[in-house]
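Residue numbers begin at 1 in each chain, while the letters A, B, ... track the order of the sequences.
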Amino acid sequence: MREAVGAAAAEVAGAEAPPRGVALERPKNQAHGDFATNAAMVCAPIARDNPRNVADGIAAKLADELGDLLTSAEVAGPGFLNLRLSDAWYGGALGHVLGEDAFGSGVAPTPERINVEFPSANPTGPMHIGHGRNAAYGDSLCRVLKYAGHEVSREYYSNDFGTQVERFGASIAARAAGSDVPEDGYQGEYIDAIAKSIPGAAGMTAEELQHVGVEKMLAMIGETLTRMGVEIDVWFSERSLHQDDRFERAIETLREAGHIYEHDDAVWLRTSELGDDKDRVLRRSNGDYTYFATDIAYHQDKRQRGFDRLIDIWGADHHGYIQRMKAAYAALGGDPDTFEPVIMQLVNLTENGQRVQMSKRSGEFVTVDDLIDDIGADALRFFLVQRSHETTMDLDLALAREQSDKNPVYYVQYAHARINSILEKAGIGTDAGLPTAIPELHESERALIRRLIEFPDEIAETAFRRSPHRLTIYGREVAAEFSAFYRDCKVVGEADDVTQFRVGLCVAARSVLAQTLDLLGVSAPERM
RNA sequence: GCGCACGUAGCUCAGUGGAUAGAGCGCUGCCCUCCGAAGGCAGAGGUCGCAGGUUCGAAUCCCGCCGUGCGCGCCA
């Protein structure tokens with residue numbers, strides 16, 4: 001269909017390929033046909049004719065090419081071309097959905113090897129809601145990228161080196177000794193729990209406790225991620241960079257490339273020449289390297305592992321870090337376009353309109369585990385990925401808890417379970433295929449088919465824009481379209497060809513819904 | 001002060017330069033002798049922050065202003 005319109009547009013414009021900007025879209029208003037195209041308005045300047053004449057030309061060519069698959073093509077408004085398609089075309093479209101193994105997969109124009117780093121919560125405490133959003137987003141993005149045809153590696157960067165984990169170890173040591181944690185330590189009750197869970201903790205040094213504590217903390221975070229349905233492929237230790245010469249080599253690379261200079265006893269990276277506001281310190285005058293320096297070594301390591309693209313998913317408070325890291329990446333010899341930091345905005349956790357405290361230091365925070373216990377992993381993931389990652393969002397705990405049965409996630413899952421139930425009742429083989437003669441269709445059937453065949457475009461767009469939240473909307477739309485079909489069309493007990501066609505439609509809808517839910521990391525129950 | 005985001009229905013938020021700007025929640029009123037009512041139907045509710053510009057056409061792109069958030073360290 002799209003090709004036919006493109007070809008007709010190209011011909012009228014006298015060009016080889018369809019001009020940029022030609023779009024085939026689903027009109028919101030049913031009076032505007034099954035599909036509409038702006039092709040004539042785009043081509044008019046090229047063809048040096050007014051849009052309505054151009055539209056007439058395209059319409060004639062389409063009628064020629066599509067034959068009886070096309071019912072009508074009318075020119076409307078400033079030059080829109082409104083197209084109506086026959087039931088035979090709809091039958092063919094549904095057959096196409098059913099005929100593919102993994103409908104909508106492999107749509108990425110150029111498959112890449114992509115490393116996605118998230119949520120990289122510090123191993124000094126449990127995951128809170130911000131990490132939860134990061135994980136829900138990151139994992140769904142990975143699933144979509146993979147489905148679209150990319151090769152994906154999920155990587156967790158553990159900050160198990162430096163000041164923060166030292167304070168963490170000191171805090172455990174203090175609790176193990178029965179004294180108060182230091183002023184700059186971690187206050188949460190979980191520190192107590194960790195201290196108690198380590199046999200002989202009282203006799204261990206802060207450094208030993210730090211290592212054991214980090215190990216325990218990472219295991220806990222891994223368990224939380226598993227409960228969320230997130231499986232990390234690579235757990236990367238910051239400390240490991242310092243255990244061989246990888247750190248020194250990365251710095252040496254920068255030095256050889258001439259990006260480093262010394263000033264005031266410190267070592268600087270000339271990031272200002274690569275898009276940053278000012279130069280940044282790599283080694284302080286006291287001899288210590290900065291966190292930035294280690295991060296550069298980490299990204300050099302990732303780069304050398306042969307990925308086509310690195311995606312880092314960072315919290316909102318890191319957006320000031322983007323320019324300097326891109327500059328460093330370029331200084332290492334990387335193409336800045338293949339390094340893609342994505343910023344996750346904040347989640348404001350509220351309860352009865354009141355802001356819930358999330359400070360790790362004070363220990364008063366709601367953990368992801370608490371939330372899963374409260375509202376379930378499905379609802380949590382759906383909620384967290386429902387909003388665009390670039391929007392600050394509110395999550396009202398009381399609402400999520402008390403009204404969980406009105407959560408949109410149940411609406412989509414319900415449609416899936418209901419289709420399943422209908423297919424069981426129909427009792428005929430779900431792989432029977434469509435009847436050879438397509439029965440006359442109800443408008444709800446056409447609407448549902450139109451929605452289902454959007455799926456590949458939806459996947460491509462979601463992957464390209466790194467916006468998995470689109471799929472929560474798409475899933476609701478499919479569910480709503482199915483509900484309309486369910487209202488208008490009986491499946492069981494109709495004439496053989498009608499039932500057979502509708503069973504096929506149900507199978508297709510179920511498979512698209514199940515796939516959509518899976519990409520969101522949400523279960524697709526057969527019964528609820 | 002500088003930089004980066006964000007201002008869309010009562011609330012939370014979608015919206016790819018296209019036709020009459022949408023969804024969920026909340027509100028009002030209906031629908032189960034009917035394959036699942038966790039559902040459906042109808043309704044009320046909008047100066048898309050303000051003011052200019054770009055063009056056949058702007059919530060969308062550009063400039064300015066107002067508001068909110070975040071970041072501006074030889075911290076991590």
When rounded to whole Å, the CG to C1' distance for the pair L423(A) and G36(B) reads 13 Å

Separation of C35(B) atom P from N420(A) atom CG, nearest Å, is 17 Å

R487(A) atom CZ is separated from C34(B) atom P, nearest whole Å, by 19 Å

- Message: Does D317(A) contact A76(B) through a side-chain donor or acceptor facing the base, at a distance under 3.5 Å?
- Response: no

Atom CG of L395(A) and atom P of C13(B) are separated, to the nearest Å, by 10 Å

(request) Using a heavy-atom cut-off of under 4.0 Å over every strand shown, decide if S285(A) touches base, sugar-phosphate, or nothing. (result) base

Is the distance from the ring center of Y474(A) to that of F455(A) below 6.0 Å? yes

Atom CZ of R387(A) and atom P of U12(B) are separated, to the nearest Å, by 10 Å

Per the O4'-C1'-N9-C4 / O4'-C1'-N1-C2 angle with a 90° window around 0, C63(B) comes out anti

With hydrogens left out and only the distance checked, is there a donor-acceptor pair under 3.5 Å joining T391(A)'s side chain and the base of C6(B)? no

- Message: Looking at A38(B) and Y411(A): do their rings stack (centroid distance under 5.5 Å, interplanar angle under 30°)?
- Response: no

Any salt bridge linking K302(A) with D312(A)? Criterion: basic side-chain nitrogen under 4.0 Å from a carboxylate oxygen. yes

In whole angstroms, the gap separating P of U8(B) from CD of E390(A) amounts to 15 Å

Going by centres under 5.5 angstrom and planes under 30 degrees, do the aromatic ring of H318(A) and the base ring of G71(B) stack?
no

Tested for ring-ring contact (aromatic ring centres under 6.0 Å, His included) against H389(A), the lone hit among W314(A), Y137(A), F118(A) is Y137(A)

Taking a pair to mean Watson-Crick or G-U wobble geometry with both distances below 3.5 Å, G71(B) pairs with C2(B)

In whole angstroms, the gap separating C1' of G39(B) from CG of D488(A) amounts to 13 Å

Rounded to whole Å, CZ of R476(A) lies from C1' of U12(B) at a distance of 11 Å

Q: Look at R527(A) together with E424(A) and state whether they make a salt bridge at an N to O cut-off of under 4.0 Å.
A: yes

task: May I ask you to decide whether E443(A) forms a salt bridge with R450(A), counting only side-chain N to carboxylate O separations under 4.0 Å?
output: yes

* What distance, rounded to whole Å, do you find between the two P atoms, one in A23(B) and one in G45(B)? -> 15 Å

